S.K.: 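I have a structure here, written as structure tokens, and I will follow up with some questions on it.
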Amino acid sequence: MSVLQHLNAELSINSGQEFLWERVGNNWYGIHGGSVVRFSAADPLDLESFPDCVSAEEIFRLDDDMGAILGEISHDPLVKSLVATYPGLRLMRQDAEQCLFSFLCASNTNIPMIRRMLRSLCARFGRQVQVDGQKFHAFPSAKALDRASEAELRAAGLGYRAKAIKAAAREIARGSLDLESLKKASYEDAKARLLEIYGVGPKIADCVLLFSLEKLDAFPIDVWIARALANHYDWLSDKKTSDKLTACQYENLSSQMRRYFGRHAGYAQQYLYYHMRQAAGKRW
DNA sequence: CGGCAGGAGCCCA
DNA sequence: TGGGCTCCTGCC
């Protein structure tokens, strides 16, 4: 995810959503599927991609009506206050395959480790791209990942996640999984298809649905959101009693929040997530 | 320094 | 419903 603050001024990327962005001097550089993207920290709309197939409108979701969206989710007093505290925070639209592979790497680990795994995948299996005299590696295609053995993926530092990466790469490479087509499907249908993938549970599915498949009502619940719900939403039924949510509790809580916040519940989720991380002093 | 908990979870018995 | 999974960092 990324958080874009003040589109025309200060900007920060929250790596809890977008894992492969980094600031170098006055520019941000990021990996978006097969492209390297660069934009100016001072003016994010001054954006180029290499090769040129991504626009600022696309990745910053400039087509979203932020006024209307913020109005909808601000019926909740906490989110209303966070909208004021973090002006300009936005969702970023991610490459669907990269998003799926990224969150398959995200289970039972932390953000610095996720970044390390993904950089390792890019370096080993991604195409090299030169931008501004610097060498980058694009995100590997599903075919490239499918050509790698599970052992090679383990050697890239993925641990037990290698099996899931391999399984998803195979489905995409063989054409049995078409993420693009899921953008046109309903939330329920797209989620059901994602849950068939080995290694994808409700949390990862909701992340892909929100960040890449245009399901802005998806409400992913990770450990930070679970804490936010426990601390601030007393009226929720079947709240977590232990550290971890069962699949049943997850669906119950997530659907309650989707109903509560409405068709752009995912934006509310991002404010809560960003706030919980900020409050805990996390930068990355 | 060793030991242990924890980290955008999920699968399996 | 509980245990295990890779492996690294932070803390005691």
Side-chain angles (χ1 to χ4, degrees), chain A residues 1-3 12-21 89 91-92 94 96 98-121 124 148-168 171 191-213 215 218-231 238 240-254 257 265-284:
Chain A
M1 117 257 217
S2 346
V3 174
S12 64
I13 301 275
N14 181 339
S15 71
Q17 176 193 111
E18 291 275 15
F19 301 106
L20 290 176
W21 286 83
L89 182 150
L91 277 175
M92 282 176 73
Q94 301 186 34
Q98 179 177 338
C99 185
L100 174 60
F101 289 123
S102 295
F103 284 98
L104 282 172
C105 289
S107 76
N108 193 25
T109 190
N110 50 45
I111 288 171
M113 288 295 294
I114 298 166
R115 289 165 60 83
R116 178 177 311 203
M117 286 184 252
L118 295 175
R119 282 194 295 254
S120 172
L121 281 183
R124 289 166 188 247
S149 67
E150 189 180 325
E152 288 176 299
L153 294 172
R154 275 187 171 264
L158 301 187
Y160 65 91
R161 302 171 191 82
K163 184 177 177 184
I165 296 289
K166 179 72 179 171
E171 281 203 64
K191 185 166 187 174
R193 177 64 188 93
L194 292 175
L195 289 174
E196 293 173 1
I197 304 165
Y198 177 83
V200 175
K203 193 280 178 177
I204 292 177
D206 277 334
C207 286
V208 177
L209 290 165
L210 175 60
F211 299 138
S212 293
L213 299 182
K215 308 298 183 266
F219 192 91
I221 301 177
D222 67 335
V223 292
W224 298 95
I225 292 294
R227 284 173 202 157
L229 299 186
N231 294 341
D238 192 27
K240 74 179 172 97
T241 49
S242 66
D243 291 348
K244 309 215 170 190
L245 297 175
T246 67
C248 192
Q249 283 177 310
Y250 181 100
E251 296 298 350
N252 188 350
L253 287 174
S254 182
M257 297 312 282
Y267 265 99
Q269 191 269 8
Q270 286 298 289
Y271 280 97
L272 293 170
Y273 177 81
Y274 189 64
H275 176 64
M276 294 302 286
R277 299 273 305 181
Q278 290 287 119
K282 300 283 186 186
R283 235 186 77 74
W284 288 107

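Since this is a predicted model, take the numbers as computed values, not measurements. The basis for the numbers below is simple: all heavy atoms, side chains too, and nothing from hydrogens, waters or symmetry mates.
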S.K.: Donor-acceptor pair, A/Arg116 side chain versus A/Gly157 backbone, under 3.5 Å?
M.R.: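 Between the backbone of A/Gly157 and the side chain of A/Arg116 there is no qualifying donor-acceptor contact (under 3.5 Å).
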S.K.: Taking B/dG7 as the reference, what is the distance to C/dT1 when you measure between their C1' atoms (whole Å, please)?
M.R.: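 My reading of the C1' atoms in C/dT1 and B/dG7 gives 22 Å.
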S.K.: How far, in whole Å, is B/dC10 from C/dC8 if one measures between their P atoms?
M.R.: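 Between the two P atoms, the distance is 23 Å.
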S.K.: The side chain of A/Tyr198 lies closest to which of these nucleotides: B/dG9, B/dC11, B/dG6?
M.R.: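 Within the option list, the nearest is B/dC11.
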S.K.: Given B/dC11, B/dG7, C/dC5, which nucleotide is nearest the side-chain atoms of A/Thr109?
M.R.: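 That would be B/dG7.
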S.K.: C/dG3 pairs with which nucleotide, Watson-Crick or G-U wobble, both distances below 3.5 Å?
M.R.: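 The base-pairing partner of C/dG3, which may sit in any strand shown, is B/dC11.
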S.K.: In whole angstrom, give the distance that lies between atom CG of A/Asp222 and atom P of B/dC10.
M.R.: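 It is 11 Å, rounded to the nearest whole Å.
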S.K.: For DNA chain B, whose closest nucleotide is more 5', that of A/Trp224 or that of A/Gly199?
M.R.: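 This one resolves to A/Trp224.
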S.K.: Between B/dG2 and C/dT6, how far apart are the two P atoms, rounded to whole Å?
M.R.: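 These two P atoms come out 25 Å apart once rounded.
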S.K.: How close or far is atom P of B/dC10 from atom CZ of A/Arg161, stated in whole angstroms?
M.R.: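 The distance from CZ of A/Arg161 to P of B/dC10 comes to 12 Å, rounded to the nearest Å.
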S.K.: Between atom NZ in A/Lys203 and atom P in B/dC11, what is the gap in whole Å?
M.R.: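 So the NZ-P distance, A/Lys203 to B/dC11, works out to 14 Å.
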S.K.: Ignoring hydrogens and angles, tell me if any N or O in the side chain of A/Ser254 forms a donor-acceptor pair with the backbone of A/Tyr250 under 3.5 Å.
M.R.: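 No.
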S.K.: Is there a donor-acceptor pair closer than 3.5 Å between any side-chain N or O of A/Lys215 and the backbone N or O of A/Val208?
M.R.: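 It does not hold such a pair.
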S.K.: Would you kindly give the CG-to-P distance between A/Leu104 and C/dT6, to the nearest whole Å?
M.R.: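 About 15 Å, once rounded to whole Å.
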S.K.: At under 4.0 Å between heavy atoms, what does A/Arg116 touch on the DNA or RNA strands: base, sugar-phosphate, or nothing?
M.R.: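 Sugar-phosphate contact only - A/Arg116 comes under 4.0 Å of backbone atoms but never of a base.
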S.K.: What about A/Asn108: does its side chain form a donor-acceptor pair under 3.5 Å with the base of C/dT6?
M.R.: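 By the distance-only test, yes, there is a pair.
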S.K.: Please tell me whether A/Phe219 and A/Tyr273 form a close aromatic pair, meaning their ring centres lie under 6.0 Å apart.
M.R.: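 When the ring centroids of A/Phe219 and A/Tyr273 are compared, they turn out to be at least 6.0 Å apart.
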S.K.: Could you state the atom-to-atom distance from CD of A/Glu150 to P of C/dT6 in whole Å?
M.R.: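 Taking CD of A/Glu150 and P of C/dT6, I get 9 Å after rounding.
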S.K.: Which of the following nucleotides, B/dG9, B/dC11, B/dG7, is nearest to the side chain of A/Ser107?
M.R.: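 It is B/dG9.
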S.K.: Would you call A/Asp206 and A/Lys191 a salt bridge, using N to O less than 4.0 angstrom?
M.R.: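 A/Lys191 and A/Asp206: salt-bridged.
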S.K.: Check every strand shown and say whether A/Ile225 touches a base, only sugar-phosphate, or nothing at a heavy-atom separation below 4.0 Å.
M.R.: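 No contact at all - A/Ile225 keeps every heavy atom at 4.0 Å or more from the nucleic acid.
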S.K.: Establish, with yes or no, whether the OP1 or OP2 oxygen of B/dG6 is under 4.0 angstrom from a side-chain nitrogen or oxygen of A/Arg227.
M.R.: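 No, no such contact exists.
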S.K.: Of A/Tyr250 and A/Met113, whose closest DNA chain B nucleotide lies nearer the 5' terminus?
M.R.: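 Upstream on the strand: A/Met113.
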S.K.: In whole Å, what is the span from the CD1 atom of A/Ile165 to the P atom of B/dG9?
M.R.: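 Taking CD1 of A/Ile165 and P of B/dG9, I get 14 Å after rounding.
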S.K.: In whole Å, I'd like the distance from the CE atom of A/Met117 to the C1' atom of C/dC7.
M.R.: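 The distance from CE of A/Met117 to C1' of C/dC7 comes to 8 Å, rounded to the nearest Å.
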S.K.: Mind checking the P distance from C/dG3 to B/dA5? Whole angstroms is fine.
M.R.: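 That atom pair is separated by 13 Å.
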S.K.: Is a side-chain N or O of A/Gln269 found less than 3.5 angstrom from the main chain of A/Pro220, in a donor-acceptor match?
M.R.: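 Answer holds: yes.
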S.K.: Nearest whole Å is fine: how far is C/dT6 P from A/Ile114 CD1?
M.R.: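 Whole-Å distance recorded here is 17 Å.
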